[in-house]
Trainee: 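Take this structure, written in C-alpha cells, and hold onto it; I'll ask about it next.
Residue numbers begin at 1 in each chain, while the letters A, B, ... track the order of the sequences. Values below: all heavy atoms of this structure, side chains included; hydrogens, waters and symmetry mates excluded.
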Protein chains: 2
Amino acid sequence: MNEIALPTLRANRVGSSREDLRIHNLSLVLSLVHKNVSLSRSDLAAQTRLNRSTVSDLVAELSERGLLLETERPQATGVGRPSHMVSVNNRVVAFAVEITTYAVRVAAVGLAGKVIDRRRAVTGLLPSPSRVVEIIAELVASIRSGLDKNSLIAGIGVSIPGQVNEQTGTLRMVTMLGWGEVELASMISAKTGLPVSLGNDGTISCVAERDFGAGRGFNDIVYIFGGAGGIGGGVIVGGQMLRGTAGFAGELGHMRISDSKIEDSAGLPGTLEALVKREDLLDALHLDDADDDELTRAILKSKSLRVRKLIERQIDLLGIAIANCVNIFNPEVVLLAGFLSSLFDADDYRLLAKARAGGLAGARERVVVRKAELGANLVLVGAAEIAFAGLLADPAGFKLRSPKSIK
Amino acid sequence: MNEIALPTLRANRVGSSREDLRIHNLSLVLSLVHKNVSLSRSDLAAQTRLNRSTVSDLVAELSERGLLLETERPQATGVGRPSHMVSVNNRVVAFAVEITTYAVRVAAVGLAGKVIDRRRAVTGLLPSPSRVVEIIAELVASIRSGLDKNSLIAGIGVSIPGQVNEQTGTLRMVTMLGWGEVELASMISAKTGLPVSLGNDGTISCVAERDFGAGRGFNDIVYIFGGAGGIGGGVIVGGQMLRGTAGFAGELGHMRISDSKIEDSAGLPGTLEALVKREDLLDALHLDDADDDELTRAILKSKSLRVRKLIERQIDLLGIAIANCVNIFNPEVVLLAGFLSSLFDADDYRLLAKARAGGLAGARERVVVRKAELGANLVLVGAAEIAFAGLLADPAGFKLRSPKSIK
DNA sequence: TCTATTTGTTGTCTAGGGCAACATAATGCA
DNA sequence: TGCATTATGTTGCCCTAGACAACAAATAGA
C-alpha cells in the first residue's frame, strides 16, 4: 500500500522554488520505480497523484538521462489502452563494499537491485586500513574494467562492522578490526575517483530490508541483527533511517538491560550484546562453526537441557530488548536477523510473550516480530542503496561517471 | 498527529504541485516567525533563501489572513534601509489543556507563545472521563467568552499523563486516572465545536522545550521528565517529534535497565521509572511534598548518608538510561526535567561520568546533558503547540474559528 | 549633500504542473 | 465485424508562483 523510504524531499528548513519542485518529483518517480523495479506509467500517476502528462514528462527526462527504461510493447492488463511499463536501468550501478573481519567483498549492483559482478579478497587478520583500501580499490578497478561501456556509475557504498560518522566519512572504533579513527571515505575516494558513502552494517542491512526484504511496506521498523561480532541494529522512523547527529544512532546491541557484569565487545556490561551471544549457542551445541540455518537446525534438533535453558535465557533477554524498543519507538514491525532469527525459530511463542510482557499496552498491540528476509546479499544490496541515495534524491543534479574515466 | 516546529515541507510520498510549493513556503515563513516571535523580512529572506519579493508576497498573504503583523515604523539596525519587523499575531489563539491527577488547567495561548488567560478546576480523585470533558468544556467556554472579538481560534491541544493514540485521538491506559480506552478527542470536540489534538505529556513538554526552552536550536533531542506519577519522555529526531506508528513512542521511563523485580506504574519490573522515584527521595528527606526547587535545595542541604546513597543509586541508574538513549539516538542534547534535574544538580559530575561510561565512543562524545528550562507553563505552551500544528503546516488551508461561533 | 548600502516594490519572465481535447489501443457485446 | 466503452498516451494551452532586474526608499557616514 504505502510506499516507503520515498525521498522525503529535502527535509530542510529552506524555502522551495520551482526547481526544488522538479527535483522532488523526479526523485519521487525514480525512487518509486527503483523500489518496485518496474511500474506502469499509470501506476506512477496514481501513486504520485501527479497528472498523467506530468508523469510522462518526468519519465521522459529520467529516460533521457539513462536512468529509466520504457518498454516498447506494453502488455495489456485489462480494458483500455495498455500502459507502458517503466523500469529502472540496471546499467546504472554502484559499487557495494562489505568489510568484515578477515575479508572484503565488492560487488557491482545495478539500480534494479541486481548484483552484476562480485569479487572477494581475503585480507588476513587485523589488516591496516590502507591495506584494505588498496584491496578495495583493486577489486573496484577490476570490476569496473569489466562493466558494460554504457554503464553509469553512481559511487561506492561501504558497510562497516563498527561505528561510522556518516557526515564526515570517518570511522571510529571498529573494535573487530582494531581500528581507531580512520578517514576511510576520503582514502577510498582518492584511490578510485568515486564518491564514497559509509554506513554501519546494521544500519545498512536495515535499509536493505526496508527496500527489498521483510520491511517492505513498513514505515517504522526496528531491525536487530545478531552476527559473530555482536549485535547491531538499525531503526527506520517514518520511512527514514534513524541516524542521529553524527550517524551513530541505532546501536541497539549496546542497550543495557541487566545488572550483569558480563561485558560486550565495547566493554559495556549487562547489554544485550553481552548477554545474548552466538558463541554461547555454538558452544552449548558443540558446534565449531555454522551458518544461521545450520544453527537453527541444530537448535531444533538438540535435546540437551543445557541448550534449552540457554536458549530460554537468551530469548527472555531478547524479549526484554524488543520490549524496550517497542516502548521507545512504537514501530510497526521488529525484524530479527542473523542468529537472532534462530532464536525466533527456537521458540517464537516464548519470545513474543516476553516481548509483549515488557511492552506498554498501546505500543505492543500491533507490533509484529518477524524474521528478516534477505540472505547473503543483504549487506551488499544495502551498501549499494546508500551509494544510490544521492542519485535518488536528485536525479538531475547527481553526477554519474563512466566506467572508463579513471580518476 | 501533526508536526510542530519547522515544517519539513511535507515529507510525504506524493508528488508536489505549485500549490504544495506555496503551502510549504507559507508554512515555512509562519513557522519561522512563530519560533522567533519576531523577525525582520530580510532575516526571513536570508533564512529561507527565498527572494525578497517572494518573502514580501508570503508575508503579505499571511498578514491578510490575520496571522502575522508588520510594524509600521521599522527601527534601523545599521546601514541601509531598515527592514520591517514581522511578528506573529497573538490574537490567534489555541486552548491548551492539561489534565493531571486531580485537576484540569485550561489556558488560552497566543501564537506568540503568550498565555492570555488561564483557569483551573479541581476534579477530585479519579473523575470519570465525561466529567473531565464537561469541566474542560466549561473552562474553555468561559475563557472563550472573554476573548477579544477579533481573536482567531486554532483549536484545542490536550496534554495527557498517559498513553495516547495521536492518530485517532483515543486514550489508552491512563493508569493515574484509572482510565482505559477513551475517545477523548471526539468527546471534547463534540462539546466545544473545536478541533482537538491530544498528546502525551512527555511528548508535549519535549516539543515545548525544543521550541522555546533548553532545546532551542537542536535537531536531535532526548527529553526525560520525572514527575510524581513517573518518568516520561520525548524524542526529537531530525527536528521532528518521534511518534511511532500510533504516537506511543518515546516511553523512555519504561525502558528496562535492571534485573530488579520492582515494578513501575505500568507493572513493568526493573525499568527506569520503577527504580528512580521522586517518592523515594521525598521519603528519605522526610519531606511531605515539595516542588522541584525545594527538592533540590533539600538534597543539597542534606547530610544524611542514607540520602547520599539513595541519590547515588538513582544517579547511576539515570546515567545508564541516558547512556542507552545516547547509543540508540546519538542525540545532540539530553534534557532532564522535573525531579531528574534535581538529581542533576545533586551531582552532575557523577551523572555525566556514568552516562559517558555506558555510551559508545562515537555517540557519547558530543552529547550534552542539560536541565530543561521551562517551568510551570511548559505543558500548556506545548499543548498549544500541538493545537497550532495544523495551522503552521498549512496556513492558508487551516480553518480558524471566531470566539463567538459556539459549535 | 552625496555616496554606499541595504531593503522594499513593481513589472516582467519563465518553468513546470494542471487541464482539456483528442488520439490510441485494448475489451466486450451485438 | 463493427461499434461502444474504457483506460491510457499526447499535445497545446493556461496559470501560478518564484526569480530577477530595475528602481525607489531609507539609513549611515563622509
Trainee: Should B:Ser83 be listed as having a side-chain N or O under 4.0 Å from OP1 or OP2 of C:dT7?
Mentor: no

Trainee: I want to check something: taking the side chain as every heavy atom from C-beta on, are B:Asp220 and B:Asn330 in contact at a cut-off of under 4.5 Å?
Mentor: no

Trainee: Looking for any heavy atom pair under 4.0 Å, which part of the strands does B:Ser53 touch: base, sugar-phosphate only, or nothing?
Mentor: base

Trainee: Rounded to whole angstroms, how far apart are CG on B:Leu21 and C1' on C:dT14?
Mentor: 14 Å

Trainee: Would you call A:Arg22 and A:Glu61 a salt bridge, taking side-chain N to carboxylate O under 4.0 Å as the test?
Mentor: yes

Trainee: Could you check whether B:Ser40 and B:Asp43, counting side-chain N and O atoms only, form a donor-acceptor pair closer than 3.5 Å?
Mentor: yes

Trainee: Does a side-chain N or O from B:Thr54 land closer than 4.0 Å to OP1 or OP2 of D:dA19, or not?
Mentor: yes

Trainee: Take atom CG of B:Asp20 and atom C1' of C:dG16, then tell me their distance rounded to the nearest Å.
Mentor: 13 Å

Trainee: Round to the nearest Å and state the distance from B:Ile23 atom CD1 to D:dT16 atom P.
Mentor: 15 Å

Trainee: What's the CG-P distance between A:Asp57 and D:dG12, to the nearest Å?
Mentor: 13 Å

Trainee: In whole Å, I'd like the distance from the CG atom of A:Leu50 to the C1' atom of D:dT8.
Mentor: 16 Å

Trainee: Is the shortest side-chain N/O distance from B:Ser42 to OP1 or OP2 of C:dT7 below 4.0 Å?
Mentor: yes

Trainee: Specify the separation, in whole Å, of atom CG of A:Leu28 and atom C1' of C:dG17.
Mentor: 14 Å

Trainee: Tell me the interatomic distance from A:Arg81, atom CZ, to D:dA7, atom P, rounded to whole angstroms.
Mentor: 15 Å

Trainee: Identify, between B:Leu58 and B:Arg52, the residue whose nearest nucleotide on DNA chain D lies closer to the 5' end.
Mentor: B:Leu58

Trainee: Ignoring the backbone of A:Asn51, work out which of C:dA26, C:dG18, D:dG9 is nearest its side chain.
Mentor: C:dG18

Trainee: Rounded to the Å, how far apart are B:Arg41 CZ and C:dT9 C1'?
Mentor: 9 Å

Trainee: Please tell me which of the listed nucleotides, C:dG8, C:dA26, D:dG9, lies nearest to the side chain of A:His84?
Mentor: D:dG9

Trainee: Looking only at side-chain N and O atoms, does A:Asn25 come under 4.0 Å of OP1 or OP2 in C:dG16?
Mentor: no

Trainee: Closer than 4.0 Å, any side-chain N/O of A:Arg22 to the OP1 or OP2 of C:dA15?
Mentor: no

Trainee: Between A:Arg210 and A:Gly239 (side chain of the first, backbone of the second, donor and acceptor by atom type, cut-off under 3.5 Å), is there such a pair?
Mentor: yes

Trainee: Hey, does the side chain of B:Ser42 reach the backbone of B:Ser83 with a donor-acceptor pair shorter than 3.5 angstrom?
Mentor: no

